Amino acid sequence: MQNAAFDAGLAHWQKRPETLDAQVTQVDGQAVAQLTIPETETPGYPCIYQYLAAAPGDLLTASTRARGLNIRNGNGVYLALEFFDANETRISLSQSGMAS
């Protein structure tokens, strides 16, 4: 993963949807991503993400620290790993429980 600690802002990260307000700010001296959904938008599944190349048999480990503030009409904050084949068809999904 590139720029996992957000030291270079949101470089190497993509966002969905495009109207999502995503920025990097500081919390307790650490760079963090802050996602804000405009009040005029339905929350859906907003996210920031990266594509990582992996081969069958590769072992992937992921962790995050997250918190949700002012959650509305949504599922809260969680970490998800989606796995795609060579045709970019999703073949698997793994996600954490919601952060409280």
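Treat the numbers as computed from the prediction; the structure is a model and nothing was measured.
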If you look at every heavy atom in Leu35 and Ala22, which pair is closest and at what distance?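 Heavy atoms only, the tightest pair is CD2-CB, 3.7 Å.
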Taking salt bridge (Lys or Arg N to Asp or Glu O under 4.0 Å) as the test, write out the residues that go with Arg65, two or more places apart.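 Once residues adjacent in sequence are excluded, Arg65 has no partner under the salt bridge (Lys or Arg N to Asp or Glu O under 4.0 Å) criterion.
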Identify whether Met1 and Phe6 are in the same connected component of the hydrophobic contact network (ILVMFWY, side-chain heavy atoms under 4.5 Å).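 Met1 and Phe6: one cluster.
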Following the transitive rule for hydrophobic clusters with a side-chain heavy-atom cut-off under 4.5 Å over Ile, Leu, Val, Met, Phe, Trp and Tyr, establish whether Ile37 and Val24 coincide in one cluster.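 Same cluster: Ile37 reaches Val24 through Ile, Leu, Val, Met, Phe, Trp or Tyr contacts under 4.5 Å.
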Quick one: CD on Gln34 to CD on Gln26, what's the gap to the nearest 0.5 Å?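 The CD atom of Gln26 is 12.0 Å from CD of Gln34, to the nearest 0.5 Å.
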Set of residues satisfying side chain to side chain donor-acceptor pair (under 3.5 Å) with respect to Thr19, sequence neighbours excluded: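 In terms of side chain to side chain donor-acceptor pair (under 3.5 Å), with neighbours along the sequence ignored, Thr19 is linked to Glu41.
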Hey, is the main chain of Gly9 close enough, under 3.5 Å, to the side chain of Asn3 for a donor-acceptor pair?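 Pair found, side chain donor or acceptor close to backbone of Gly9.
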Transitive ILVMFWY cluster of Val27, excluding itself - 4.5 Å side-chain cut-off: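 For the cluster that includes Val27, the remaining residues are Val32.
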Using the test side chain to side chain contact (heavy atoms under 4.5 Å, CB included), find all partners of Ala5 that sit at least two apart in sequence or belong to another chain.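 By the side chain to side chain contact (heavy atoms under 4.5 Å, CB included) rule, Ala5 matches Asp7.
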Listing, residues 87-99 side-chain donor-acceptor contacts under 3.5 Å, not counting sequence neighbours, or none:
| unit_1 | atom_1 | unit_2 | atom_2 | d |
| --- | --- | --- | --- | --- |
| Arg90 | NH1 | Glu82 | OE1 | 2.7 |
| Ser96 | OG | Leu79 | N | 3.0 |

What pairs of donor and acceptor atoms, side-chain ones from residues 43-52 against any protein atom, are under 3.5 angstrom apart with sequence neighbours left out?
| unit_1 | atom_1 | unit_2 | atom_2 | d |
| --- | --- | --- | --- | --- |
| Tyr49 | OH | Gln14 | OE1 | 3.3 |
| Gln50 | OE1 | Gln2 | N | 3.1 |
| Gln50 | NE2 | Gln2 | O | 2.6 |

